[in-house]
J.: 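Would you mind keeping the following structure in view while I ask a few things?
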Amino acid sequence: MTLRIPSVRLAPGEDRPAVEAAVRRVVASGWYVLGPEVESFERAFAGACGAAACIGVGTGTDAIAISLRALGIGPGDEVITTPLSAAYTALACMMAGARPVFADIDPRRLTIDPAAIESAITPRTAAILPVHLYGQPADMRAIAAIAARHGLAIVEDCCQAHLATCDGQRVGSFGAAAAYSFYPTKNLGALGDGGAITTGDEALAAKMRRIRNGGQTDRYRHAEMGVNSRLDELQAAILAARLPFLAAWTAARRARAAEYRRLLAGSAVDVPPELDAGHVYHLFPVLSPRRDALQAFLRAASIETLIHYPVPIPRQPALEAQSPAACPEADRVCRRILSLPLYPGIPEEDVRAVAEAVRGFRA
Ligand SMILES: *Cc1c(COP(=O)(O)O)cnc(C)c1O
């Protein structure tokens with residue numbers, strides 16, 4: 001059953017002519033993997049992020065795993081990350097051969113708590129992998145200070161935070177590398193899977209380019225064990241066509257989020273505070289002690305909501321072997337969190353209808 005107000009709409013709108021022209025151009029070109037479209041998108045995306053280099057890869061998950069591997073992080077190493085994220089964040093650590101170690105979240109910001117990072121550091125810790133969750137930057141000043149003090153690498157998971165800033169500084173510029181996803185629902189989405197790494201280090205970028213392409217130095221010469229994870233020409237051309245819209249789409253997300261905040265003030269749900277004006281509102285989550293009842297209530301009003309995320313990553317059966325630590329704050333948030341419909345083109349009347357429905361819910 002399709003609901004009257006979906007949580008997201010993915011079909012191209014104002015960008016459709018540009019996207020269709022890009023598709024036609026690539027179809028006619030006769031060149032589909034690692035070519036001029038990827039190079040041109042990599043330059044444009046690096047520019048948009050203020051990074052020296054960008055490496056297009058197959059997914060956001062691969063972007064994290066390849067970043068860790070290029071930094072020499074693997075078996076025997078621990079990577080400190082957040083229990084509240086897409087599970088792919090931790091799976092990527094495991095793909096690199098490293099062990100994810102979970103530091104609980106800050107209950108206000110909902111991103112990794114710097115104090116919890118400090119207590120999770122061991123002699124095996126090699127990196128910190130913060131996630132800018134829902135589009136709100138993690139507390140990068142504090143995290144960067146901890147990393148510097150302990151000689152740890154930082155890889156930023158920017159999969160929900162395209163163009164976000166932290167304290168006025170672009171996310172993705174605080175560490176050695178940053179990982180982006182272009183999964184269709186992301187702030188910049190492809191019409192399929194896609195991902196990218198940005199870095200300020202050209203030597204590291206060269207290593208990442210090798211790893212994404214089977215570890216090849218020359219055609220059919222494999223110097224190291226790489227993977228096969230390349231952004232294809234079609235997705236790169238589509239992303240390049242959409243990139244010029246991203247700033248306006250981000251502004252639209254912020255405007256709709258501000259409207260939700262205004263309309264939900266004094267309601268029965270908790271709206272997590274905006275702690276940085278650089279928040280890009282990938283999602284608009286609210287918290288309720290009766291989350292499941294609220295979701296059912298909204299569904300009955302034909303409003304679709306999603307739960308990001310129902311299970312803390314360390315509670316996932318796939319992570320059982322990693323002997324995860326306790327994370328009571330993430331446990332609590334996962335029982336209460338609910339994402340309201342939000343996308344750049346969401347009609348204002350839908351935002352008003354959703355807010356009114358939420359206000360009608362008696363907790
Ligand atoms: C989407 C996402 C990923 C994974 O990206 P894919 O492109 O789906 O592999 C990782 N981390 C976060 C925070 C995400 O939102």
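One-based numbering along the sequence shown. Remember, it's a predicted structure, so these values are computed and weren't measured experimentally.
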J.: Surrounding CZ of F174 (heavy atoms of other residues, nucleotides or ligands, distance under 6.0 Å), is the total greater than 12?
T.: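 More than 12 heavy atoms, drawn from other residues, nucleotides or ligands, come within 6.0 Å of this atom.
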J.: Would you kindly confirm whether L71 and M94 end up in one hydrophobic cluster when ILVMFWY residues are joined by side chain heavy atoms under 4.5 Å apart?
T.: no
J.: Distance-only, no hydrogens or angles: does the E78 side chain make a donor-acceptor pair with backbone N or O of V101 under 3.5 Å?
T.: no
J.: Please determine whether side chain to side chain donor-acceptor pair (under 3.5 Å) holds for the pair T165 and Q169, giving the CA-CA distance in whole Å, both sets of side-chain angles, and the decisive distance to 0.1 Å.
T.: CA-CA 5 Å; T165 56; Q169 183 180 333; over 6 Å; no
J.: Determine which pairs satisfy ring pair (Phe, Tyr, Trp, His ring centres under 6.0 Å) with at least one residue from residues 36-79, sequence neighbours left out, and list them in order.
T.: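 Non-adjacent pairs meeting ring pair (Phe, Tyr, Trp, His ring centres under 6.0 Å): F41-F45, F41-F182, F45-Y180, F45-F182.
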J.: Pick one: which of H162, Q160, H279, M140 meets side-chain contact (heavy atoms from CB on, under 4.5 Å) with H132?
T.: M140
J.: With distance as the sole test, does D15 use its side chain to make a donor-acceptor pair with the main-chain N or O of G13 at under 3.5 Å?
T.: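 At least one qualifying donor-acceptor pair exists.
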J.: Is the side chain of R108 donor-acceptor paired with the backbone N or O of P272 at a distance under 3.5 Å, no angle test?
T.: no
J.: Report the C-alpha separation of Q136 and T111 in whole Å, then their side-chain angles, then the decisive distance to 0.1 Å, and conclude whether the side chain to side chain donor-acceptor pair (under 3.5 Å) test is met.
T.: CA-CA 8 Å; Q136 173 135 276; T111 53; over 6 Å; no
J.: Which residues satisfy the side chain to side chain donor-acceptor pair (under 3.5 Å) test with T199, sequence neighbours excluded?
T.: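 Side chain to side chain donor-acceptor pair (under 3.5 Å) list for T199, sorted by chain: empty.
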J.: Which atom names give the shortest non-hydrogen contact between S288 and L294, and what distance separates them?
T.: CB-CD2, 4.0 Å
J.: Just by modelled atom types, is the P130 backbone N or O under 3.5 Å from a matching donor or acceptor in the E156 side chain?
T.: no
J.: Let me confirm one number: the CG-CZ distance from D218 to R210, rounded to the nearest 0.5 Å.
T.: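 It is 11.0 Å, given to the nearest 0.5 Å.
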J.: Can a donor-acceptor pair be found, under 3.5 Å and without considering hydrogens, that links the side chain of R359 to the backbone of A265?
T.: yes
J.: Given 3.5 Å as the limit, does a donor-acceptor pair link the side chain of E233 with the main chain of V33, or not?
T.: no
J.: Listing request: all side-chain hydrogen bond (donor to acceptor under 3.5 Å, both in side chains) pairs with a residue in residues 186-198, at least two apart in sequence or in separate chains.
T.: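 Checked against side-chain hydrogen bond (donor to acceptor under 3.5 Å, both in side chains) - neighbours excluded - the pairs reaching residues 186-198 are N187-H282.
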J.: Look only at the side chain of S229 and the backbone of G58, and say whether a donor-acceptor pair between them is shorter than 3.5 Å.
T.: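 Side chain of S229 to backbone of G58: a pair is present.
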J.: Does the pair R254 and Y281 meet the rule for a side chain to side chain donor-acceptor pair (under 3.5 Å), with working shown?
T.: CA-CA 6 Å; R254 286 176 172 150; Y281 289 96; over 6 Å; no
J.: Roughly how far, to the nearest 0.5 Å, is CG of L342 from CG of L306?
T.: 12.0 Å
J.: Output all residues satisfying side-chain contact (heavy atoms from CB on, under 4.5 Å) with A115, sequence neighbours left out; order by chain, then residue number.
T.: D113
J.: Quick one: does Y32's side chain have a donor or acceptor within less than 3.5 Å of a partner on V27's backbone?
T.: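 Yes, because the side chain of Y32 sits within donor-acceptor range (under 3.5 Å) of the backbone of V27.
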J.: Strictly distance-based, threshold 3.5 Å: is any side-chain N or O of D104 a donor or acceptor partner for the main-chain N or O of A330?
T.: yes
J.: Ignoring hydrogens and angles, tell me if any N or O in the side chain of R230 forms a donor-acceptor pair with the backbone of V57 under 3.5 Å.
T.: no
J.: With sequence neighbours excluded, what pairs up with R262 under the side chain to side chain donor-acceptor pair (under 3.5 Å) test?
T.: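 Only E259 meet the side chain to side chain donor-acceptor pair (under 3.5 Å) criterion with R262.
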J.: Restricting to side chain to side chain donor-acceptor pair (under 3.5 Å), what partner residues turn up for R16, sequence neighbours left out?
T.: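 Checked R16 against side chain to side chain donor-acceptor pair (under 3.5 Å); matches are E20.
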